[in-house]
Amino acid sequence: MFARQAAQRLLEIRQIFRQSPQASRSFSTALNYHIDTPDNNPNIRWEFNEANKEKAKEILSHYPSNYKQSAVIPLLDLAQQQHGGWLTVSAMNEVARIIEVAPIRVYEVATFYSMFNRSKVGKYHLLVCGTTPCMIRGSREIEEALLKHLGVKRNEVTKDGLFSVGEMECMGCCVNAPMITVADYSNGSEGYTYNYYEDVTPKRVVEIVEMLRKGEKPTPGTQNPNRIKAGPEGGNKTLLSEPPAPRCRDLEAC
Amino acid sequence: MNKVFNRRTLVVAIEVPILLLNSDRRDRKREMGLGIFTSMLLRRTIIQRSTKLLSPQSPIFNNSFVRPIVSTPELKNPEAAQADPVPDSPPLPPRSPVGGARVHFPNPEDAIEVFVDGYPVKIPKGFTVLQACEVAGVDIPRFCYHSRLSIAGNCRMCLVEVEKSPKPVASCAMPALPGMKIKTDTPMAKKAREGVMEFLLMNHPLDCPICDQGGECDLQDQSMAFGSDRGRFTEMKRSVVDKNLGPLVKTVMTRCIQCTRCVRFATEVAGVQDLGMLGRGSGEEIGTYVEKLMTSELSGNVIDICPVGALTSKPFAFKARNWELKGTESIDVMDAVGSNIRIDSRGPEVMRILPRLNEDINEEWISDKTRFCYDGLKRQRLNDPMIRGNDGRFKAVSWRDALAVVAEVMNQINPEEIVGIAGQLSDAESMMALKDLLNRMGSNNVWCEGNGMQTQADLRSGYLMNSSISGLEKADVFLLVGCQPRVEAAMVNARIRKAVRSNLAKVGYIGPPTDFNYEHQHLGTGPQTLLQIAEGRHPFCSAITNAKKPAIIVSAGLFEREDKDAIFSTVEAIAKNGNVIRPDWNGLNVLLLNAAQAAALDLGLIPESNKAIESAKFLYLMGADDVNLDKLQGDAFVVYQGHHGDNSVYRANVILPAAAFSEKEGTYENTEGFTQQTLPAVPTVGDARDDWKILRALSEVAGVKLPYDSLMDIRSRIRIVAPNLLSIDEREPATFSALIKPEFPHSMSSTPFKAAIENFYMTNSITRASKIMAQCSAQLAKK
Ligand code: SF4
Ligand code: FES
Ligand code: FES
């Protein structure tokens with residue numbers, strides 16, 4: 001009797017220490033180091049194009065000349081838009097050169113923010129919000145639906161180079177959870193858009209993907225036809241009348 | 001029952017997060033005694049408790065590993081414990097600052113008073129809470145804070161309680177305010193530390209038994225002293241890819257606790273911006289992003305500052321445990337800086353070299369050459385006296401025979417044709433003996449390599465670093481004449497870098513193009529530029545004249561030039577025009593290249609004629625491997641006394657094996673005139689003897705017996721020649737040099753200055769024998 005109980009305990013302990021695949025931690029960021037590939041190595045020259053050079057100058061003019069390094073994020077963003085949604089080492093080196101810091105200082109920033117992609121992404125980079133509110137409202141299923149539909153793994157690009165799926169953290173529209181973001185790099189930095197599609201369902205995201213594939217631009221915002229922006233489904237339920245004016249403070253009472 | 005026992009041991013092993021490796025750590029600088037004691041007690045209670053815990057009926061256990069984390073009962077309820085009325089405490093015993101630190105009040109009116117654990121301390125304004133605690137004698141646990149680096153405040157280990165503050169504060173980043181009441185051992189502070197410790201250990205691997213830092217690891221020590229006896233983390237620990245930082249630093253990045261000390265060291269002190277903090281959250285890691293080796297001559301110091309075993313010494317990996325090592329406090333002789341080091345040895349072997357704190361010289365860093373040259377001490381050593389036979393091969397002989405041969409030859413040769421050269425690693429005592437021996441033989445042709453043939457040793461200020469190494473920090477303009485401090489004296493370079501960073505000092509450099517790790521202006525390559533500055537025709541002149549504390553540093557590499565005197569008088573003219581020498585500041589400096597130079601000049605080791613080598617018939621080389629022997633006559637008799645089979649051995653007729661710096665007691669004077677002594681850390685190899693003893697024995701065989709039988713006796717002889725060499729651990733500044741020649745001869749040749757050191761890693765016989773240094777130079781060549 002005792003021995004059997006003990007054996008069961010042992011099993012329980014094992015269970016706790018055994019690692020199920022779910023238990024391994026997943027990181028939203030990619031590798032934190034660079035591996036040379038033919039399309040991404042420090043020997044490839046990278047430069048801002050003429051239009052973006054002007055933009056870069058404009059960005060730099062926002063900061064005092066001895067704080068050029070403050071421009072690191074806008075410049076990285078510009079570089080990413082120009083380079084089809086991702087940053088090569090040479091692009092980061094170029095930014096470092098412009099803001100006069102050591103390249104590692106730029107790498108630090110680029111690796112910190114998951115919005116900077118350091119490996120190739122599709123023309124449409126779909127980012128699924130994975131933070132708690134969205135997760136509770138079913139972001140896992142949304143991601144699954146996307147991955148299954150496109151036949152890729154996370155951070156992988158489809159064969160036609162059109163789509164890739166990534167994960168990111170809360171984008172601040174939890175009220176319309178779950179949501180995905182579509183970063184559109186198909187038109188370079190001029191036609192670059194970064195749109196939120198909210199209140200999505202596994203079915204709806206697939207539709208969105210198909211619309212994008214056809215070159216259509218689905219309307220961003222909530223995808224629930226019964227909602228207006230972040231308002232409640234089916235129209236307002238509270239605050240239906242004019243709110244009363246603020247009451248005067250009772251000065252005597254203080 | 002058997003099974004129960006098994007389970008118990010399993011859980012105990014998992015629960016004691018840090019293995020107590022050896023109680024020898026008790027003598028570490030942090031007070032560990034109490035921590036170890038409590039841990040022992042705790043372990044016993046864990047065993048008892050876990051028996052109870054694991055019994056199947058235990059409700060706690062059924063609740064799947066819900067365990068109270070606090071280790072002491074009163075910590076479970078800090079508020080209640082705090083509310084207890086404190087009985088009238090006896091008057092506090094006076095405390096002394098941690099490590100005997102002195103507090104320097106730059107401005108006495110700015111002193112403020114704070115209370116640390118009720119004990120009032122006076123501190124200067126601008127001190128942090130942590131520093132205030134240190135002054136009060138309370139050592140606050142910390143990981144990311146380092147007194148010589150900027151404050152990061154990211155480890156949170158230094159949390160203390162401050163009265164009226166609702167949360168514990170990170171003491172390293174919080175400025176102390178007047179009247180602040182700091183409490184370092186309240187339940188709140190203790191609990192905060194325990195919590196931080198638990199977080200730090202969450203992702204830290206349990207590999208202390210195979211970790212080289214074991215026994216000297218801050219994390220180990222502090223988790224013993226401040227941590228809990230268990231953690232609640234049951235997920236997987238993360239792992240991080242190791243980085244390749246070159247042949248010196250081994251990385252096990254999974255152990256890293258992200259204190260960023262190494263990043264700050266690399267950026268602030270070493271001046272190589274290669275390391276960074278990549279990623280974020282639990283994916284954060286230290287790295288270089290792109291494959292890059294750490295190319296700094298100070299890179300070895302990250303091994304010391306890393307509080308855990310993430311960065312350890314590659315050559316020392318798995319060689320020894322730190323408690324097996326015997327530490328000997330000694331002096332480095334790889335360059336003229338005389339960094340203070342500790343030689344850690346096991347038996348007859350030097351296992352590693354670590355820096356010692358000396359604020360005036362090396363602070364707490366040392367160069368890679370100093371740290372890693374030690375494997376050269378084991379290779380290519382000369383063990384026995386040897387004589388070259390007629391067939392050109394060396395034959396080992398007894399000391400008696402070897403000395404007899406040398407004495408016989410020496411006695412047959414004209415005194416003028418006897419020449420002695422001391423090597424760059426020689427100590428003052430043996431140089432004294434060499435000079436005395438040769439003088440007694442009737443020759444005065446004795447000098448130290450690197451000092452050149454036309455040496456002026458009359459004025460000490462002419463060959464010393466007059467503004468002192470620590471004084472360089474205050475300078476605001478530097479003129480480097482043929483001097484590449486980064487390779488010639490890495491520690492001096494660190495000071496210049498400090499001045500550039502903190503005073504925004506300007507650096508002008510004349511010499512061949514070279515690497516600097518701070519901003520500089522390359523003014524020119526040769527004497528012409530120097531002349532322009534001297535005549536006021538150069539834009540840099542105004543920088544010197546306008547400077548508050550200008551410093552000119554001339555490299556001793558110029559000693560070898562024919563036009564040395566002209567160069568020096570030109571430099572003196574610049575000094576005069578720029579008012580570099582003032583009553584309170586002497587900015588005219590010479591940076592020597594090797595450890596023996598200053599003492600040799602103090603002792604007057606100066607050649608009589610500059611054709612000494614050409615005319616020599618008998619050459620006595622005392623460890624001199626960098627002299628050019630091409631001009632030596634073919635029939636000259638060469639005696640090589642030294643510890644390594646290096647360059648000069650090829651030409652030697654007799655070899656007398658001597659002791660290396662790690663094996664002998666000797667006096668060295670560094671480039672600023674600071675006298676220090678080495679101590680023997682390991683026994684000599686084979687039949688080798690101390691240099692001065694060999695010379696003394698030889699003198700007796702040769703019939704000119706030197707009158708000293710002990711180091712004491714030699715030192716009393718030195719007292720007559722250069723008394724400053726006896727004031728150990730003191731800097732004897734040069735007496736003020738009013739003797740600046742007004743006019744300067746325009747006879748400098750136009751040859752540009754040469755680099756004094758070609759390869760930082762290979763400058764003397766020890767480094768040339770070292771495998772690690774060879775790897776480093778190979779890496780340097782690849783770059
Ligand atoms: S490697 Fe060491 S020094 Fe660097 S951040 Fe990690 S723990 Fe700190
Ligand atoms: S959690 Fe998804 S947007 Fe906030
Ligand atoms: S030592 Fe204060 S936060 Fe690290």
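Just so it is clear: chains get the letters A, B, ... in the order the sequence lines come, proteins before strands, and each one is counted from 1.
Residue Lys506(B) qualifies as open at atom NZ: its count of foreign heavy atoms under 6.0 Å is 12 or below. The number of heavy atoms from other shown groups lying within 6.0 Å of NZ (Lys120(A)) does not exceed 12. The 12-atom threshold is exceeded at OH of Tyr518(B), counting heavy atoms of other residues, nucleotides or ligands nearer than 6.0 Å. Shown here is Lys53(A), whose NZ atom has more than 12 heavy atoms of other residues, nucleotides or ligands within 6.0 Å. The number of heavy atoms from other shown groups lying within 6.0 Å of CD (Gln69(A)) is above 12. By the 6.0 Å contact criterion, NZ on Lys123(A) is open, its count of non-hydrogen atoms from other residues, nucleotides or ligands being 12 or less.
Minimum heavy-atom separation, Glu108(A) to Met277(B): OE2-N, 2.6 Å. When every heavy atom of Arg105(A) is checked against every heavy atom of Gly276(B), the shortest pair comes out as NH2-CA, 4.0 Å. Nearest heavy-atom pair, Thr111(A) versus Leu278(B), reported as atom, atom and distance to 0.1 Å: OG1-CA, 3.4 Å.
For the set Glu284(B), Gln273(B), Glu291(B), the count of heavy-atom pairs under 4.5 angstrom toward chain A peaks at Gln273(B). Among Val290(B), Val263(B), Thr267(B), the residue making the largest number of heavy-atom pairs under 4.5 Å with chain A is Val290(B).
Looking at Val240(B), neither its backbone nor its side chain comes within 4.5 Å of chain A, counting heavy atoms on both sides. Heavy atoms of Thr288(B) lying under 4.5 Å from chain A belong exclusively to its backbone.
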